[in-house]
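One structure is given here, and the rest of the page talks about it.
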Amino acid sequence: MPELPEVETVVRGLRGPLIGRRIAGVRFGKTDFIDDPAALSEALPGCRIVRVERYGKFISLALEPTDAARTPVQFMIHLGMTGQLMTRRASDAVAKHTHVFVELDEDLELRYTDARRFGRMLLVTSEKKAEFHSRLGREPLDISEAEFAELIGKRHARIKALLLDQSVLRGMGNIYTDESLWRARIHPAHEAARLNGEQLKELYRALRRVLAAAIKLRGSSISDYLDAEGLPGDYQSRHRAYGREGKPCPRCRTPIRRIIVAGRSSYFCPQCQRAPRARKRPTRGAGKTKAQSKRVQTKRG
DNA sequence: CGTTGAACCTGTTTGC
DNA sequence: TGCAAACAGGTTCAAC
C-alpha cells in the first residue's frame with residue numbers, strides 16, 4: 001500500500017513528535033515480520049531519536065545511544081501493504097493488529113499496526129549499512145534525466161517491471177507506476193530498451209510530476225493507508241488509470257483496461273498507451289510456440 | 001538476464 | 001443468505 005509519497009508523508013509527520021525523544025522501552029505483539037526482535041529490545045532502550053528519514057519505502061529512525069559504549073544505529077521500518085506507524089498517548093486505546101510499541105518519554109508511544117504483517121523491521125548498524133543500501137536503487141526524485149535514461153534505456157525487461165524493481169529505482173509501487181505510465185502514454189508491457197529518447201524523457205517527467213503531486217496531497221488512501229497523524233491522503237481522487245478499470249480514460253474516453261504485467265494488476269488506456277509490438281527473442285535455435293509453453297496445473301500430484 | 005508463480009497473512013469484495 | 005474465490009498499496013525466492 002504505502003509507496004514513496006505515503007512513506008514520505010509519514011516521515012514528515014513523525015519528525016515533529018519523534019525528533020529529540022528518548023526511547024524508554026519496546027514491547028511486541030507478533031514478531032514474525034521483525035528480522036531480530038531480541039536485537040531491538042537490546043539496542044533501542046536508552047537511545048535518542050535524532051533523525052527521521054526515508055529511503056525508498058523504508059522509514060529510518062536514526063538513533064544515538066546515551067551510553068557512550070554503544071554505537072549509533074538506524075531502526076528501519078517498512079510498512080509493507082497495510083502497515084501504519086503513529087504516535088499515541090500510552091493510555092490511548094490500542095488498535096487491532098498493533099504489534100510494536102516503542103515507549104517514549106512524556107507518556108508517548110510510537111505504535112506499529114499491520115494487519116497482514118507484510119511489513120518489516122530491522123536494525124542497520126554501521127557494518128550492515130553497505131549491505132542494506134546495496135539492495136536499493138536510486139531515489140526517483142533525485143536522479144537526473146540523463147541518469148534515468150542510462151539506468152532504464154538499455155534494459156530488456158518490461159518497463160513496469162523495472163519501475164517496480166526497488167534495486168533500480170526505490171519507492172515506486174503499483175499505483176504510481178501505472179499513473180506515471182498513463183501520463184507518459186507508455187504501455188506497461190513495453191520493453192524498456194525499445195522506448196525512444198522522447199518516451200524516456202516523457203516518462204521521467206511523468207514520474208516526477210506524479211510523485212511530487214502525490215506528496216503534496218499526502219499520498220493515496222484506498223482502504224488502509226493513514227499517515228502518522230491518522231489522516232488519509234487525498235491523491236486517490238487524482239488517479240487517472242489505477243483502479244479505474246472500465247471507466248473512461250480522462251484523455252480520450254476509451255475504457256481503461258486491466259491486465260497483469262510483472263505479476264501485478266496494471267491499469268492503462270489501450271488507446272493512449274499502445275501495446276508494444278511483439279518482442280522477438282534474438283535467440284539461437286527454434287523458439288517455443290505458445291501451445292508448447294502452455295502447461296496443466298499439477299498442484300497436488 | 002528476464003519471467004512467472006507461489007509464498008508470506010488477513011481482510012474485504014465479488015460471484016455463483 | 002452462504003460460501004468460496006478473487007483481490008489488495010509489497011517483497012522474496014525457486015524454477016525455468
Side-chain angles (χ1 to χ4, degrees), chain A residues 1-10 29-35 55-59 76-85 95-99 113-122 132 135-137 152 154-180 188-194 210-211 214 217-227 232-236 239 241-246 258-267 279-284 287-288 290 292-300:
Chain A
M1 135 204 167
E3 307 179 28
L4 189 156
E6 290 77 28
V7 178
E8 179 65 27
T9 302
V10 170
K30 293 189 179 174
T31 58
D32 54 358
F33 59 97
I34 303 173
D35 281 23
Y55 297 97
K57 298 175 192 169
F58 280 92
I59 296 161
M76 295 288 186
I77 301 156
H78 193 298
L79 302 176
M81 295 273 262
T82 51
Q84 297 177 353
L85 199 55
K96 204 176 174 187
H97 304 299
T98 301
H99 296 297
T113 303
D114 186 353
R116 292 177 75 179
R117 306 201 303 284
F118 278 6
R120 192 175 163 206
M121 288 187 183
L122 71 156
F132 177 82
R135 307 188 134 248
L136 293 179
I152 298 290
K154 294 192 174 107
R155 300 284 299 266
H156 291 268
R158 296 153 143 158
I159 186 61
K160 169 127 182 177
L162 277 185
L163 295 178
L164 287 175
D165 186 339
Q166 302 299 298
S167 70
V168 176
L169 286 176
R170 53 162 116 128
M172 299 291 294
N174 212 27
I175 293 177
Y176 299 106
T177 295
D178 280 4
E179 290 300 303
S180 300
H190 204 109
E191 182 182 333
R194 294 176 74 110
V210 165
L211 291 174
L217 290 187
R218 311 161 48 82
S220 304
S221 288
I222 294 174
S223 64
D224 298 289
Y225 169 71
L226 296 176
D227 71 11
D234 287 326
Y235 193 74
Q236 65 280 1
H239 292 178
Y242 181 84
R244 301 190 66 252
E245 183 178 19
R258 180 173 78 98
I259 59 174
I260 302 297
V261 178
R264 312 292 302 278
S265 275
S266 300
Y267 300 88
R279 290 187 301 159
K280 269 192 204 158
R281 276 238 130 273
T283 50
R284 52 287 137 167
K288 274 187 195 166
K290 265 187 184 163
Q292 278 174 314
S293 53
K294 228 176 195 171
R295 189 156 306 162
V296 180
Q297 291 180 28
T298 53
K299 177 72 182 178
R300 59 145 239 114

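Just so it is clear: chains get the letters A, B, ... in the order the sequence lines come, proteins before strands, and each one is counted from 1.
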In whole Å, what separates the P atom of dC3(C) from that of dC9(B)? 25 Å
Lys154(A) NZ to dG2(B) P: how many Å, rounded? 14 Å
Of the nucleotides dA8(C), dC8(B), dT12(C), which one has an atom closest to the side chain of Arg258(A)? dA8(C)
What's the CD1-C1' distance between Ile222(A) and dA8(C), to the nearest Å? 9 Å
Can you tell me if the side-chain N/O atoms of Lys96(A) get under 4.0 Å from OP1 or OP2 in dG11(B)? yes
Can you see if the side chain of Arg155(A) gets near the phosphate of dG2(B) - specifically, an N or O under 4.0 Å from OP1 or OP2? yes
Distance-only polar pair, side chains of Thr31(A) and His99(A), donor-acceptor under 3.5 Å: no
Begin from the C-alpha positions of Asp114(A) and Thr82(A) and carry the test side chain to side chain donor-acceptor pair (under 3.5 Å) through to its verdict. CA-CA 5 Å; Asp114(A) 186 353; Thr82(A) 51; 2.6 Å; yes
For the pair Gln166(A) (side chain) and Met172(A) (backbone), establish whether a donor and an acceptor sit closer than 3.5 Å, ignoring hydrogens and angles. yes
Closest listed nucleotide, where the reference is the side chain of Ala115(A) and the choices are dG11(B), dG2(B), dT11(C): dG11(B)
OP1, OP2 of dT3(B) versus side-chain N and O of His156(A): anything below 4.0 Å? no
When we call it a touch if two heavy atoms are under 4.0 Å apart, what does Tyr242(A) touch: a base, just sugar-phosphate, or nothing? sugar-phosphate
Ranking dA8(C), dT3(B), dT12(C) by distance to the side chain of Arg135(A), first place goes to dT12(C)
Check: Glu179(A) side chain, Ala241(A) main-chain N or O, donor-acceptor pair, under 3.5 Å: yes
Which base, if any, makes a Watson-Crick or G-U wobble pair with dT10(B), both distances under 3.5 Å? dA8(C)
Could you check whether any side-chain N or O of Arg117(A) sits under 3.5 Å from a backbone N or O of Phe33(A), counting only pairs where one atom can act as donor and the other as acceptor? no
Just how far, in rounded Å, is P of dC8(B) from CG of Leu79(A)? 22 Å
For dT11(C), does either OP1 or OP2 sit under 4.0 Å from a side-chain N or O belonging to Gln166(A)? yes
Taking the P atom of each, how far is dT1(C) from dT10(B), in whole Å? 28 Å
Gap between atoms CE and C1', on Met172(A) and dT11(C) respectively (whole Å): 17 Å
Do the side-chain N or O atoms of Lys30(A) get closer than 4.0 angstrom to the phosphate oxygens (OP1, OP2) of dT10(B)? yes
Picking from dA8(C), dG10(C), dC9(B), which would you name as closest to the side chain of Tyr267(A)? dA8(C)
Any chance you could lay out the salt bridge (Lys or Arg N to Asp or Glu O under 4.0 Å) test for Arg264(A) and Asp178(A), step after step, and finish with the verdict? CA-CA 10 Å; Arg264(A) 312 292 302 278; Asp178(A) 280 4; over 6 Å; no
Does OP1 or OP2 of dG2(B) have a side-chain N or O of Arg158(A) closer than 4.0 Å? no
Rounding to the closest angstrom, what is the interatomic distance between dC1(B) and dG10(C) at atom C1'? 23 Å
Taking dC7(C), dG2(B), dG10(C) as options, the one with an atom nearest any side-chain atom of Asn174(A) is dG10(C)
To the nearest Å, how far apart are Glu6(A) CD and dA8(C) P? 16 Å
Is Phe118(A) stacked on the base of dT11(C), with ring centres under 5.5 Å apart and planes under 30° apart? no
With a 4.0 Å limit, can you tell me whether His78(A) has a side-chain N or O closer than that to the phosphate oxygens OP1/OP2 of dT11(C)? yes
side-chain N/O Ser265(A) vs dA8(C) OP1/OP2, d < 4.0 Å: yes
From CZ of Arg117(A) over to C1' of dT12(C), roughly how many Å is that when rounded to an integer? 17 Å
Between P of dT10(B) and CD of Gln84(A), the distance in whole Å: 16 Å
Proximity of Phe132(A) and Phe58(A) rings by center, below 6.0 Å: yes
Arg264(A) has an atom CZ; how far is it from atom P of dA7(B), in whole Å? 17 Å
